[in-house]
Amino acid sequence: METAAELFDVSPVVPVVVIDEIEHAVPVARALAAGGVRIIELTLRTPVALQAIERVHTEVPEIVLGAGTVTTPEQADQAARAGAAFLVTPGSTDRVLNAVAATGLPFLPGVSTVSEAMRVAERGVRELKFFPAEASGGVDYLRAINAPLPELRFCPTGGVTPESAPQYLALPNVGCVGGTWLTPKDALASGDFGRVEALAKAAASLR
Ligand code: 3PG
């Protein structure tokens with residue numbers, strides 16, 4: 001995976017994954033892959049997240065593995081060292097984006113306004129995360145900004161559901177959507193990876 005544009009072509013839905021127990025990392029990744037979803041945004045929100053990235057990187061190589069919730073330069077470096085193939089930020093500060101860009105990995109910078117999108121576009125970035133999608137205006141907002149910013153494409157994330165995903169995916173400026181619904185906390189806690197696989201299968205056929 002060399003460019004952010006290629007990330008948008010792997011799956012219509014990018015699962016946003018929160019790993020609380022390190023033992024869940026590999027089975028979750030395998031279940032998603034078995035369901036036909038070969039990409040993950042694994043969030044740096046828990047103490048085991050970096051270790052989870054290392055394990056999935058080593059043991060489930062068929063997954064295009066990204067690190068999400070990158071909010072500091074240190075996290076960008078740590079995620080790259082752990083084996084992340086791409087990086088995702090919830091928002092876009094110069095400090096974080098400079099560090100993310102310096103890793104050489106493809107990345108999706110998070111934006112929720114036209115001015116933020118224009119700022120990151122000045123760096124040559126064309127693929128962005130639109131976060132938090134629903135709270136920031138959702139489908140209507142993205143449709144409206146396609147007129148002035150037709151060269152930009154988004155991965156809306158935050159409040160997207162299996163019901164709203166097709167509406168986002170129908171927009172010309174949406175490449176994929178992201179969400180946590182493929183990996184429900186209770187399914188992981190009870191070891192119900194079959195449910196994760198079934199949710200992945202449904203998500204993979206959304207486009
Ligand atoms: C993200 O970081 O993208 C969000 O936490 C997604 O969460 P949601 O799909 O549960 O809204």
Side-chain angles (χ1 to χ4, degrees), residues 4 7-8 10-20 24-25 28-29 31-32 35 37 39-50 52-53 56 63-72 75-76 78-79 84-93 96-97 100 105-113 116-117 120 125 127-142 152-169 171 173-189 192 195-196 198-200 202-204 206-207:
L7 298 173
F8 282 4
V10 181
S11 168
V13 182
V14 176
V16 175
V17 176
V18 181
I19 296 292
D20 290 307
H24 296 160
V28 164
L32 290 167
V37 172
I39 187 165
I40 290 177
E41 177 192 330
L42 203 155
T43 58
L44 301 181
R45 287 181 205 174
T46 63
V48 300
L50 283 170
I53 289 173
V56 174
I63 289 281
V64 179
L65 177 62
T69 323
V70 176
T71 58
T72 66
Q75 284 178 321
Q78 288 167 342
F86 67 97
L87 303 174
V88 185
T89 68
S92 294
T93 67
V96 170
L97 291 197
V100 162
L105 295 173
F107 62 98
L108 300 175
V111 302
S112 64
T113 69
E116 286 173 329
V120 297
V125 171
E127 289 77 26
L128 301 81
K129 168 166 170 149
F130 178 56
F131 177 82
E134 280 294 302
S136 305
V139 170
D140 288 344
Y141 190 91
L142 282 172
L152 301 185
R153 289 206 304 154
F154 297 88
C155 178
T157 306
V160 180
T161 64
E163 291 72 35
S164 64
Q167 296 160 43
Y168 281 103
L169 290 166
L171 296 174
N173 56 348
V174 168
C176 59
V177 302
T180 56
W181 81 85
L182 283 72
T183 51
K185 261 190 188 302
D186 60 327
L188 270 54
D192 188 358
R195 189 164 148 220
V196 173
L199 287 163
L206 271 180
R207 186 158 47 202

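In listed order, ligands and their atoms are each counted from 1. Sequential numbering from 1 along the given sequence is applied to the chain's residues. Because the structure is a prediction, the values reported are computed rather than measured.
- Residue contacts with ligand 1: W181 is placed with no nitrogen or oxygen under 3.5 Å of a nitrogen or oxygen of the ligand (distance criterion only).
- You'll find the side chain of V88 stays beyond 4.5 Å of the side chain of V70, heavy atoms only.
- When only interatomic distances are considered, the shortest N/O to N/O separation between G159 and ligand 1 falls below 3.5 Å.
- A distance-only check finds no donor-acceptor pair linking the side chain of S164 to the backbone of V160 [under 3.5 Å].
- Shortest contact from atom 2 (O) of ligand 1 to any protein heavy atom: R45 NH2, 2.3 Å.
- Set against the non-hydrogen atoms of F131, the atoms of ligand 1 under 4.0 Å away are 1 (C), 2 (O), 3 (O), 4 (C).
- Between F154 and F130, the ring planes lie perpendicular to each other; the angle is over 60°, past the 30° to 60° tilted range.
- Interface of G179 with ligand 1, defined as ligand atoms under 4.0 Å from a residue heavy atom, comprises 9 (O).
- Here the heavy atom of the protein found nearest to atom 7 (O) of ligand 1 is T180 CG2, 3.5 Å.
- Residue T157 places no N or O, backbone or side chain, under 3.5 Å from any N or O of ligand 1.
- At a 4.0 Å heavy-atom cut-off, ligand 1 does not touch E134 at all.
- Near K129, meaning under 4.0 Å from one of its heavy atoms, ligand 1 places the atoms 1 (C), 2 (O), 3 (O).
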